[in-house]
There are 2 protein chains.
Amino acid sequence: MSAFKPLDPLLHSQLRLAVMSILISVESAEFTFLKEKTESTAGNLSVQLDKLDKAEYINITKSFKGKRPLTTCAITQKGIRAFESYVENLKNYIT
Amino acid sequence: MSAFKPLDPLLHSQLRLAVMSILISVESAEFTFLKEKTESTAGNLSVQLDKLDKAEYINITKSFKGKRPLTTCAITQKGIRAFESYVENLKNYIT
DNA sequence: TAAATAAGTTTATATTATAAACCAAAATAA
DNA sequence: TTATTTTGGTTTATAATATAAACTTATTTA
């Protein structure tokens with residue numbers, strides 16, 4: 001009946017949504033890859049990834065690629081559910 | 001090619017999006033109607049309607065219904081275009 | 001006539017999104 | 001070798017935003 005269900009504020013953010021949109025279709029993605037694809041600044045991306053991580057929507061793994069730091073992100077089951085639910089809710093607003 | 005086009009910040013807001021979602025499918029709507037449908041507080045709604053009005057996404061008409069004030073809102077052509085474009089851009093994020 | 005309700009607006013606050021500034025290590029240039 | 005630039009980020013500062021609380025004015029209702 002097309003009520004306006006609340007939109008998860010964690011996902012209702014351009015950059016975080018873009019990140020989740022990428023992560024939902026790959027096994028994992030590197031920080032630099034996400035930065036390129038989303039055309040965001042490193043600072044902004046870092047902050048938003050932290051928020052997704054704290055919400056347990058993604059897992060962040062820090063390691064090294066050769067000698068350089070490597071931050072890798074992957075979506076969690078909780079993240080997948082949240083994303084799918086967000087998309088469902090959003091449909092009521094845009095159709 | 002599914003790039004992440006920027007999402008109009010004026011529309012990327014739960015309440016304003018809900019309002020536009022209603023207005024796009026009716027000729028006009030009263031303040032109290034929008035308030036009920038969106039389950040928002042009057043204060044919040046008032047502020048958000050002002051923003052949509054200033055952006056010329058909607059027109060606000062103030063009159064009287066009997067003796068009580070009546071605020072009526074209607075979407076503009078500019079609003080329709082903005083909404084449709086927002087929805088198109090958003091699809092890249094959620095599909 | 002006092003109290004409650006209606007229909008909003010204004011103002012205050014807490015949260016956010018964002019980029020600027022910063023940092024450490026590695027690679028490159030001089 | 002030493003200086004400079006680049007990489008891969010994090011931390012911090014700021015400006016904008018969403019939201020509700022407080023307020024206003026007029027109208028009913030008790």
Side-chain angles (χ1 to χ4, degrees), chain A residues 4-22 28-55 57-74 82 86 89-90 93, chain B residues 4-22 28-55 57-74 82 86 89-90 93:
Chain A
F4 296 110
K5 300 256 190 70
L7 300 174
D8 182 346
L10 235 110
L11 294 182
H12 199 62
S13 140
Q14 184 165 186
L15 182 47
R16 287 195 301 270
L17 189 62
V19 166
M20 293 292 280
S21 169
I22 292 171
S28 70
E30 301 180 7
F31 184 95
T32 51
F33 176 82
L34 293 174
K35 181 172 174 297
E36 270 173 45
K37 287 293 171 188
T38 60
E39 295 174 82
S40 59
T41 60
N44 191 9
L45 182 58
S46 178
V47 170
Q48 306 312 327
L49 289 180
D50 266 1
K51 289 185 189 180
L52 292 172
D53 184 43
K54 270 168 191 147
Y57 286 5
I58 67 173
N59 279 324
I60 299 182
T61 310
K62 278 153 205 298
S63 60
F64 284 87
K65 183 202 269 184
K67 297 180 168 178
R68 300 185 161 290
L70 177 68
T71 299
T72 307
C73 306
Y86 171 83
N89 290 344
L90 192 59
Y93 291 76
Chain B
F4 296 110
K5 300 256 191 74
L7 299 174
D8 183 345
L10 235 111
L11 294 181
H12 199 62
S13 140
Q14 181 162 198
L15 183 46
R16 287 195 300 271
L17 189 61
V19 166
M20 292 292 280
S21 169
I22 292 170
S28 70
E30 300 179 8
F31 183 96
T32 52
F33 176 83
L34 292 174
K35 180 172 175 298
E36 270 174 44
K37 288 291 171 188
T38 60
E39 295 173 82
S40 59
T41 59
N44 191 8
L45 183 57
S46 179
V47 169
Q48 307 311 328
L49 289 180
D50 265 2
K51 289 185 189 181
L52 292 172
D53 184 41
K54 270 167 192 148
Y57 286 5
I58 67 172
N59 279 323
I60 300 182
T61 310
K62 279 152 203 296
S63 60
F64 284 87
K65 184 202 264 181
K67 296 181 171 181
R68 297 186 164 291
L70 176 67
T71 298
T72 307
C73 306
Y86 171 82
N89 289 344
L90 192 58
Y93 291 75

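Quick note: numbers below take in every heavy atom, side chains included, and nothing from hydrogens, waters or symmetry partners. Chain letters run A, B, ... following the sequence lines, proteins first and then strands; every chain starts at 1. As the structure is a prediction and not an experimental result, all values here were calculated from the model.
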Heavy-atom check, side chain of A:Met20 versus side chain of B:Tyr93, under 4.5 Å = no
Below 4.5 Å, heavy atoms only, C-beta onward: do B:Asp8 and B:Tyr57 meet side chain to side chain?
-> yes
I need the [atom1]-[atom2] distance between [X] and [N], as an integer number of Å.
{"X": "B:Phe31", "N": "C:dA6", "atom1": "CZ", "atom2": "P", "answer": "14 Å"}
{"X": "B:Lys35", "N": "C:dT5", "atom1": "NZ", "atom2": "C1'", "answer": "12 Å"}
{"X": "B:Leu70", "N": "C:dG8", "atom1": "CG", "atom2": "P", "answer": "6 Å"}

Just distance, no hydrogens or angles: give the donor-acceptor pairs under 3.5 Å from side chains in residues 63-72 of chain B, sequence neighbours left out.
unit_1: B:Lys65; atom_1: NZ; unit_2: B:Glu30; atom_2: OE1; d: 3.2

Working to the nearest 0.5 Å, report the span between [atom1] of [X] and [atom2] of [Y].
{"X": "A:Leu17", "Y": "B:Phe4", "atom1": "CG", "atom2": "CZ", "result": "8.0 Å"}
{"X": "A:Leu10", "Y": "A:Lys54", "atom1": "CG", "atom2": "NZ", "result": "11.5 Å"}
{"X": "A:Ser28", "Y": "A:Leu34", "atom1": "OG", "atom2": "CG", "result": "9.5 Å"}

Each nucleotide N or O in nucleotides 15-17 of chain C that has a protein N or O under 3.5 Å away: list the pair and distance.
unit_1: C:dA17; atom_1: OP1; unit_2: A:Arg16; atom_2: NH2; d: 2.8
unit_1: C:dA17; atom_1: OP2; unit_2: A:Arg16; atom_2: NH1; d: 2.4
unit_1: C:dA17; atom_1: OP2; unit_2: A:Arg16; atom_2: NH2; d: 3.2
unit_1: C:dA17; atom_1: OP2; unit_2: A:Lys51; atom_2: NZ; d: 3.2

Among residues 62-69 of chain B, which contact DNA chain C at a heavy-atom distance under 4.0 Å?
-> B:Lys62, B:Arg68, B:Pro69
Hey, what bend do you get for the helix from C:dT1-D:dA30 to C:dA30-D:dT1 if you fit axes on five pairs at each end, rounded to 10°?
-> 10°
Just call it for [X]: base, sugar-phosphate, or nothing, with non-hydrogen atoms closer than 4.0 Å on any strand.
{"X": "B:Thr71", "value": "sugar-phosphate"}
{"X": "B:Thr41", "value": "base"}
{"X": "B:Thr32", "value": "sugar-phosphate"}

Return a table of donor-acceptor pairs under 3.5 angstrom between the side chains of residues 43-51 of chain A and protein atoms on other chains or two or more places apart.
unit_1: A:Asn44; atom_1: OD1; unit_2: A:Gln48; atom_2: NE2; d: 3.0
unit_1: A:Gln48; atom_1: OE1; unit_2: A:Arg16; atom_2: NH1; d: 2.5

Quick one: how far along DNA chain D does chain A reach, first to last nucleotide 5' to 3', anything under 4.0 Å to a heavy atom?
-> D:dT7 to D:dT12
